[in-house]
Structures are given as C-alpha cells and as structure tokens.
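Accompanying notes for the structure given below.
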Amino acid sequence: MDTATPPRVRRAGTARTAYLAVAIFLLVNLTIVEIMFANPARPAYNTLGSLGRFFGLHLGFVMALQVLLIARLPFLERRIGMDTLTNWHRWTGFGIFWLVILHPTFVLLGFAELDQISFLAETSNLAKQMPVLLGMIAAGLVGVMALTSVRAIRRRLPYEAWHAVHLVVYVMLVLAVIHQVYEGSAFTTSAYTQIYWWGLWTFAIGALLTNRLVVPVVRNVRHRLRVVAVVPELGEAVSVYVAGRDLDRLRARPGQFFWWRFPRHNSWWQVNPWSLSAAPDGRTLRLTAKAIGSTSAGLRQLPVGTRVYAEGPYGALTTARRTRQDVVLIAGGIGITPIRALLEDPDLTGDIVLLYRARAQDEAVLLGELRNLVQQRGARMHLLTGRTGPGNQPFSPESLRGLVPDIAERDVFMCGPAAMADVVSRSLRALGVPAHQRHVEAFRLGV
C-alpha cells in the first residue's frame with residue numbers, strides 16, 4: 001500500500017503550532033497572575049478575604065480567556081477546529097461559574113468576619129455600593145448561562161433560544177469590566193501590573209470586536225451576498241445557493257462553515273453555523289441544512305434576492321490537516337455536507353472510503369451527488385442504515401475494521417452529531433488511529 005505523504009502535509013503541523021501557542025500563552029499569563037497575587041497592592045484584611053482576592057483575580061483572567069474563545073480567532077478556528085474550541089469554551093464557562101460562586105462568597109465571608117455581622121447582612125450592606133451590585137448582577141447572568149448549558153436543559157432548548165440567552169454574555173462583560181475598574185485591587189500593585197491587566201483585557205475585547213463585528217461588516221459590504229436559489233432536498237433538508245462579488249477573496253475551503261444570518265427574513269440575532277455542502281468556486285457558496293430549529297425550518301421560504309450576512313470561513317475539517325495519503329470520510333445525517341464538499345477538493349488524493357450513516361436510504365441527503373462524486377473519484381461508499389442496536393453497531397471497532405481494514409494507516413475526517421462523534425472517536429482510539437490522523441467536527445452548540 002502506498003502511504004506516501006500528500007503534497008500539502010507540511011500544513012498539517014499548523015494544529016500543533018496552535019496548541020503550542022495556546023500552552024505558552026496560558027503558562028506565561030498564569031505565571032504573571034500568580035506573581036500579582038503574591039505581591040498585592042495592600043494586604044488582605046483576613047484569610048477569607050485573601051481567598052476571595054485569589055479567586056477574583058483568577059476569575060478575571062479566565063473571563064478574559066473566555067472572551068478570546070468567543071472572539072472566533074482565525075488562528076485558532078482554522079487550525080484547532082470548532083469541535084475542540086467549543087469544548088474549551090464549555091469547560092471554561094463552567095470554570096467561570098464556580099469562580100463566580102467562590103469569589104463573592106469568600107469576599108463576603110471575609111467582610112462579615114471583619115464587621116462582625118452575618119453573611120446575609122454583609123451581602124445587603126455591600127450591595128448598596130454600585131460597583132459591587134453590578135458585580136452581583138454579572139454573577140447572576142453567569143448563573144443563567146451556566147444553567148442553560150447543562151446538558152439536560154440544553155437538549156430541550158431550540159438552538160435559537162439557547163443562542164439568544166447567551167447573548168447576555170455581552171451585558172455580563174460590560175458589568176464585569178466596570179466592577180473590576182472600581183473594585184479590582186490585585187492588579188494595582190504597580191504601573192506594570194495595571195498595564196499588563198488592562199492590556200490583556202484590551203487585547204481580548206479588541207479581538208472580539210474585530211472578529212465578531214468589524215471584519216464581518218467589511219466583508220459583507222465588499223461581497224454583497226444574496227440568495228440566488230433555494231432547492232428542496234430529501235426529507236426536510238434544503239440547499240441555499242448564495243452569490244456575491246469576489247467570493248474567491250474569502251479563501252473558503254471545502255469542509256469549512258460560515259455563521260449565516262438572513263436579516264430581513266429572520267430576527268437579527270438569529271445565526272446558525274452551517275457548512276458549505278459544495279466546494280466553493282469563487283462565484284457561489286452553497287449551504288445545505290435540515291429543518292431542526294425555526295431558522296433552518298424556514299430556509300425553504302427564503303425569497304430569491306434575500307440579503308445574506310455571513311461570518312467566516314471557519315473550521316479545520318480541511319485537507320490542510322492531512323498527514324496520510326489515503327483517507328476515510330465518515331458522516332452522520334446532515335453532517336454529510338462538509339464531507340460532500342471535501343469529496344470535490346482536488347487536494348483529496350489517494351484511496352478514499354466514505355462511510356455515510358443515515359436512518360434510511362430515503363433520508364440520505366445528497367445521496368445522488370455523492371454517488372456521482374464517488375464514481376468520478378474512484379472512491380468507495382458504504383451507506384450505513386438501520387436502527388442502532390445489538391445487531392447493528394456500524395461504528396464499533398469491529399465494524400470499522402471490517403469496512404476499512406487499514407483504517408489506522410489513513411486520515412479520518414468525521415462530521416456528525418455529538419453522540420456519534422464520541423462513539424467514532426472511541427473506536428478510532430481503540431483501533432490505534434493516532435490523534436493527528438483524527439479530524440472530527442461534531443454538532444455542539446457554540447457561541
């Protein structure tokens with residue numbers, strides 16, 4: 001078997017570069033934060049207060065990290081990928097939640113001990129100070145966001161509702177910054193610590209505004225995206241074709257996605273991450289979505305000519321991450337869209353095997369196109385249907401080995417529901433597929 005390195009393998013190392021950059025960033029900044037805590041501007045009034053300051057300083061730092069995670073930094077999005085970044089965002093959010101509990105609790109306990117009054121009385125007392133009250137409101141908003149991110153609750157919320165709730169993160173950030181300006185003391189030791197702290201926050205907020213506002217606005221003004229065709233697909237799926245000016249300047253790659261808005265058709269805050277379902281050709285972009293939430297369900301009624309607002313491209317599920325000559329493509333449900341686009345990528349060379357999971361053949365979206373592409377590329381496709389059960393485990397290690405005996409020698413690109421992605425990832429690890437050969441994007445909610 002030919003396992004020669006593909007021509008663009010040199011770019012597969014960019015993911016390792018991104019991970020290394022993140023590790024260095026964390027190490028350097030955490031070292032500075034610990035030095036700041038060890039050298040306060042003024043001593044804490046008691047041990048409880050010192051603990052409150054410790055948790056507060058780390059809360060401010062972790063919040064700045066969270067701002068960077070939701071800033072959609074191209075350096076990270078295109079190298080590490082949405083799936084990993086969403087996981088980081090989720091766990092960083094829960095870290096903020098616990099720090100939001102610990103910081104005010106120990107501060108209030110410390111003041112209560114100092115003033116010789118009860119915890120509740122001290123809470124009422126400090127709430128009379130506006131900066132403290134704003135901090136308490138920010139803490140309450142963090143609690144709301146954390147509650148809606150609990151898996152059991154999140155599954156019951158429509159994506160649009162979940163996203164709307166999480167827009168309060170911007171209100172929380174404003175309140176948190178005001179609270180730090182008036183109440184922060186751990187970073188006022190010297191001019192250097194103040195420059196560092198506010199430099200960190202300026203960088204984080206600047207990245208957020210640049211990548212979430214300035215760049216998207218400039219690009220959309222330049223490209224003037226509009227809907228040019230709406231094509232119903234199998235079942236509840238629909239393909240939307242979008243055209244505009246100079247689309248080649250977007251440098252979108254097969255396997256990537258955009259955040260899509262249709263301002264005059266939906267509310268301005270309704271935004272969805274949908275992958276390109278065809279390789280971009282510089283003239284049009286195509287997205288294909290299944291009617292799951294209210295926004296995707298309404299795509300079939302999009303009038304031709306509707307103005308489109310898109311952010312992107314994002315995502316690392318591209319051939320730039322290849323490390324091997326031969327490839328396995330795995331898709332579940334509507335997760336076939338970026339995989340179908342990858343099949344058109346001229347950089348996808350070597351022996352190609354496609355594993356497509358659908359409940360039934362008549363629910364396999366874009367199946368006709370896939371069959372044509374598979375034939376053109378000399379690839380092989382296995383359509384895996386039926387209900388998962390004791391007699392049908394299509395992504396067990398044994399099943400994958402049976403379908404692709406040399407899977408450990410291939411790159412694996414996978415997109416599908418989170419539960420399926422977890423099963424596939426476990427099986428790939430069991431089969432000895434190295435981490436750098438596993439490229440996974442799962443459907444997980446992200447800001």
Side-chain angles (χ1 to χ4, degrees), residues 1-20 22-23 79-88 91 255 315-333 335-336 338-339 342-343 345 347-358 374 377-386 388-444:
M1 179 183 63
D2 182 8
T3 57
T5 301
R8 311 191 90 142
V9 68
R10 58 187 173 84
R11 294 188 302 188
T14 57
R16 290 191 292 273
T17 301
Y19 282 115
L20 179 61
V22 170
R79 290 166 175 80
I80 295 177
M82 180 183 181
D83 192 58
T84 298
L85 291 176
T86 300
N87 276 327
W88 288 1
W91 288 110
L317 195 72
T318 70
T319 54
R321 300 185 71 183
R322 287 186 65 193
T323 63
R324 310 294 290 182
Q325 177 71 15
D326 299 330
V327 175
V328 178
L329 305 176
I330 302 177
I336 192 62
I339 299 300
L342 277 173
L343 269 174
D345 194 327
D347 289 339
L348 195 70
T349 56
D351 186 66
I352 304 169
V353 179
L354 169 61
L355 307 180
Y356 184 8
R357 180 76 169 108
V374 164
R377 303 297 303 268
R380 288 168 286 152
M381 179 173 69
H382 298 278
L383 181 61
L384 310 173
T385 59
T388 301
N392 186 24
Q393 298 287 337
F395 296 122
S396 67
E398 295 76 20
S399 295
L400 288 176
R401 187 186 294 112
L403 292 167
V404 192
D406 62 342
I407 193 170
E409 303 300 323
R410 296 170 177 258
D411 272 307
V412 181
F413 291 84
M414 185 270 159
C415 185
M420 173 183 156
D422 293 339
V423 171
V424 172
S425 295
R426 285 195 299 269
S427 293
L428 293 177
R429 287 193 294 269
L431 291 169
V433 180
H436 64 271
Q437 292 173 217
R438 305 192 302 261
H439 319 294
V440 177
E441 291 280 14
F443 301 152
R444 307 181 199 271

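Computation of the quantities below employed the complete heavy-atom set of this structure, encompassing side-chain atoms and omitting hydrogens, waters and symmetry-equivalent molecules.
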Considering non-hydrogen atoms only, spot the tightest contact between Pro394 and Ser399 and give its length.
O-CB, 3.3 Å
Can you measure from CG (Leu342) to OG1 (Thr318) and round to the nearest 0.5 angstrom?
7.5 Å
Do side-chain atoms of Asp326 reach the backbone of Gly350 as a donor and acceptor pair under 3.5 angstrom?
no
Sorted by chain and number, sequence neighbours left out, side chain to side chain donor-acceptor pair (under 3.5 Å) with Thr385 holds for none
Taking all non-hydrogen atoms of both residues, which atom of Cys415 and which atom of Pro338 are closest, and how far apart?
SG-CG, 3.6 Å
If I take atom CD1 from residue Ile330 and atom CG from residue Leu403, how far apart are they, to the nearest 0.5 angstrom?
9.0 Å
What distance separates Leu329 CG from Met414 CE, expressed to the nearest 0.5 Å?
11.5 Å
Could you grab the distance from atom CZ of Arg322 to atom OG1 of Thr349, nearest 0.5 Å is fine?
4.0 Å
Quick one, Tyr19 and Thr84 - any side-chain contact, counting heavy atoms below 4.5 Å?
yes
Compare every heavy atom of Ala408 with every heavy atom of Leu431, then report the nearest pair and how far apart it is.
O-CB, 3.7 Å
Please collect all ring-ring contact (aromatic ring centres under 6.0 Å, His included) contacts where either partner lies in residues 388-437, sequence neighbours excluded, each pair once.
Phe413-His439
Under a 4.5 Å cut-off applied to non-hydrogen side-chain atoms, are Arg429 and Arg438 in contact?
yes
Check whether any side-chain heavy atom of Ile407 lies under 4.5 Å from a side-chain heavy atom of Leu428, and answer yes or no.
yes
By salt bridge (charged side-chain N to carboxylate O under 4.0 Å, His left out) - contacts of Arg380 (at least two apart):
Asp351
At their closest point, which heavy atom of Val327 faces which heavy atom of Arg410, and how far apart are they?
O-NH1, 3.2 Å
For Glu409 and Gln437, which heavy atoms make the closest approach, and how far apart are they?
C-NE2, 4.0 Å
Could you list the residues that satisfy side chain to side chain donor-acceptor pair (under 3.5 Å) with Arg357, not counting sequence neighbours?
Thr388
Report the distance from atom CG of Asn392 to atom CG of Leu384, rounding to the nearest 0.5 Å.
8.0 Å
Quick one: OG1 on Thr17 to CD1 on Ile80, what's the gap to the nearest 0.5 Å?
10.0 Å
Please identify each residue that fulfils side chain to side chain donor-acceptor pair (under 3.5 Å) with Arg426, with sequence neighbours left out.
none
What residues, two or more places apart in sequence or in another chain, satisfy side chain to side chain donor-acceptor pair (under 3.5 Å) together with Asp345?
Thr319
